[in-house]
Amino acid sequence: MANFNTVAGCVLASALFAMVVGKVSNAVVHPHMLEKPAIAVADAAPTETAAAAPAAELAPIGPKLAGANVEAGKAIYMKQCFVCHTIDKGGANKVGPNQWNVVGRKKGSGEGFSYSSALTAKGGEWSYEDINHMIFKPQAFIKGTKMAFAGLPKEQDRADVIAYLRTMNDSPPPLP
Ligand code: HEC
């Protein structure tokens with residue numbers, strides 16, 4: 001009898017313990033379940049950022065051109081681009097093609113210059129926006145281009161250079 005009582009007592013104690021543990025773990029688990037929506041939002045965030053990244057990387061340069069500084073652009077050009085390009089009318093090709101009239105010109109159409117097939121395959125004309133991409137990161141814009149140039153990371157520098165390129169042209173396209 002005494003044995004039965006002890007056993008019964010143990011069973012009862014275990015059952016009570018299990019109930020208490022159950023309640024406690026419920027209480028512990030419950031707040032985590034409330035956090036679920038927050039975790040779902042955090043999961044979605046990186047996907048959105050990744051999708052938005054390429055567009056956010058380069059804002060359109062068109063609106064910045066009217067207020068750009070042609071003289072500053074010329075100075076940057078002479079320091080950074082002139083090593084490989086001439087820009088006077090009828091100037092020679094160097095490592096890169098002569099750039100008189102380059103704004104609005106068909107891609108890869110500079111006379112007497114042997115372009116990479118990557119650049120010729122790109123197609124279309126050198127719009128202000130395409131030049132912006134090209135001088136930001138040539139390899140990102142045209143994978144395999146021969147233009148071995150690190151790029152101009154500052155938007156103001158690119159706007160100034162493009163505004164300068166625009167002045168070295170028989171009939172530049174209108175500013176956007
Ligand atoms: C290290 C040499 C080098 C430097 C520096 C350089 N370029 Fe180039 N660039 C090239 C070469 C080479 C090509 C031809 C690329 C090809 O065929 O893939 C080219 C092509 C271009 C084109 C396309 C021209 C066309 O006729 O289709 C533009 C626009 C251009 N460069 C602008 C610039 C500007 C602006 C700078 C300065 C911010 C610059 N480049 C700096 C070597 C250079």
Side-chain angles (χ1 to χ4, degrees), residues 37-176:
I39 289 165
V41 168
D43 272 353
T47 322
E48 270 174 41
T49 318
E57 198 177 17
L58 268 201
I61 202 78
K64 313 275 158 49
L65 293 179
N69 185 334
V70 172
E71 279 311 306
K74 181 178 180 178
I76 296 165
Y77 188 92
M78 289 308 160
K79 252 197 244 158
Q80 307 249 29
C81 319
F82 195 67
V83 223
C84 297
H85 294 284
T86 63
I87 191 159
D88 54 314
K89 194 171 186 167
N93 295 322
K94 297 205 278 185
V95 175
N98 171 261
Q99 292 196 317
W100 179 263
N101 274 350
V102 76
V103 180
R105 176 164 88 185
K106 191 168 168 280
K107 289 197 182 78
S109 68
E111 229 172 275
F113 185 80
S114 168
Y115 291 91
S116 67
S117 49
L119 188 142
T120 347
K122 186 82 180 172
E125 288 161 4
W126 281 115
S127 64
Y128 295 118
E129 299 307 332
D130 279 4
I131 295 178
N132 185 36
H133 279 91
M134 182 69 163
I135 66 178
F136 176 58
K137 280 182 187 167
Q139 290 298 333
F141 185 58
I142 302 180
K143 196 170 181 290
T145 176
K146 285 201 290 183
M147 175 152 146
F149 176 63
L152 296 173
K154 284 193 202 147
E155 180 180 70
Q156 189 61 53
D157 288 354
R158 295 195 306 275
D160 292 351
V161 166
I162 294 168
Y164 169 64
L165 288 178
R166 185 172 185 271
T167 65
M168 306 302 278
N169 201 298
D170 288 320
S171 54
L175 287 177

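Just so you know, ligand 1 is whichever comes first in the structure, and atom 1 is the first atom listed for that ligand.
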Contact check, side chains of [X] and [Y], non-hydrogen atoms, under 4.5 Å:
X      : Y      : answer
Arg158 : Leu58  : yes
Ile135 : Ile162 : yes
Val103 : Pro173 : yes
Ile87  : Tyr164 : yes

Protein contact of [atom] - nearest heavy atom, named by residue and atom, plus distance:
atom                    : result
atom 15 (C) of ligand 1 : Thr145 OG1, 3.3 Å
atom 14 (C) of ligand 1 : Phe113 CE2, 3.7 Å
atom 5 (C) of ligand 1  : Gln80 O, 3.2 Å
atom 17 (O) of ligand 1 : Ser116 N, 2.8 Å
atom 39 (C) of ligand 1 : Met147 CE, 3.3 Å
atom 7 (N) of ligand 1  : His85 NE2, 2.7 Å
atom 27 (O) of ligand 1 : Trp126 NE1, 2.6 Å
atom 37 (C) of ligand 1 : Cys81 SG, 1.8 Å

Completion exercise
The answer for which part of Phe149 has a heavy atom under 4.0 Å from ligand 1 is side chain
Could you tell me whether the side chain of [X] and the main chain of [Y] form a donor-acceptor pair under 3.5 Å?
X      : Y      : value
Lys146 : Leu119 : no
Asn101 : Asp170 : yes
Asp88  : Trp100 : no

Exercise for the section: State whether a side-chain donor-acceptor pair under 3.5 Å links Asn69 with Asp160. Expected result: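 No pair is found: no donor N or O on one side chain lies under 3.5 Å from an acceptor on the other.
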Practice task
Look only at interatomic distance and state if Ile131 has a nitrogen or oxygen under 3.5 Å from any nitrogen or oxygen of ligand 1.
Solution key: no
Which of the numbered atoms in ligand 1 are below 4.0 angstrom from a heavy atom of [X]?
X      : value
Val95  : 12 (C)
Leu152 : 38 (C)
Lys146 : 12 (C), 15 (C), 16 (C), 17 (O), 18 (O)
Gly96  : 10 (C), 11 (C), 12 (C)

Handout entry: Lys106 atom NZ: more than 12 heavy-atom contacts under 6.0 Å
Key = no
Practice task
Would you indicate whether Lys74, at its atom NZ, is surrounded by more than 12 heavy atoms from other residues, nucleotides or ligands within a distance under 6.0 Å?
Solution key: no
Practice task
Report yes or no: does Arg105 have a heavy atom closer than 4.0 Å to ligand 1?
Solution key: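 Judged by the 4.0 Å heavy-atom criterion, Arg105 does count as contacting ligand 1.
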Practice task
Check if Ala118 has a non-hydrogen atom at a distance under 4.0 Å from any atom of ligand 1.
Solution key: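 Distance cut 4.0 Å: Ala118 fails for ligand 1.
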Problem - Nearest-0.5 Å distance, OG of residue Ser127 to NE2 of residue His133 - result: 9.5 Å
Exercise for the section: Tell me which one of Ala150, Gly151, Gly108, Pro97 gets a heavy atom nearest to atom 13 (C) of ligand 1. Expected result: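 Looking at heavy atoms only, Pro97 sits closest to atom 13 (C) of ligand 1.
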Problem - Lys/Arg N to Asp/Glu carboxylate O, Asp130 vs Lys107, below 4.0 Å - result: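 Salt bridge present between Asp130 and Lys107.
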Problem - N, O or S of Cys84 under 2.8 Å from atom 8 (Fe) of ligand 1 - result: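 Checking atom 8 (Fe) of ligand 1 against Cys84, no N, O or S atom falls under 2.8 Å.
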Exercise for the section: May I ask you to check if any N/O/S atom from Gln99 comes under 2.8 Å of atom 8 (Fe) of ligand 1? Expected result: no
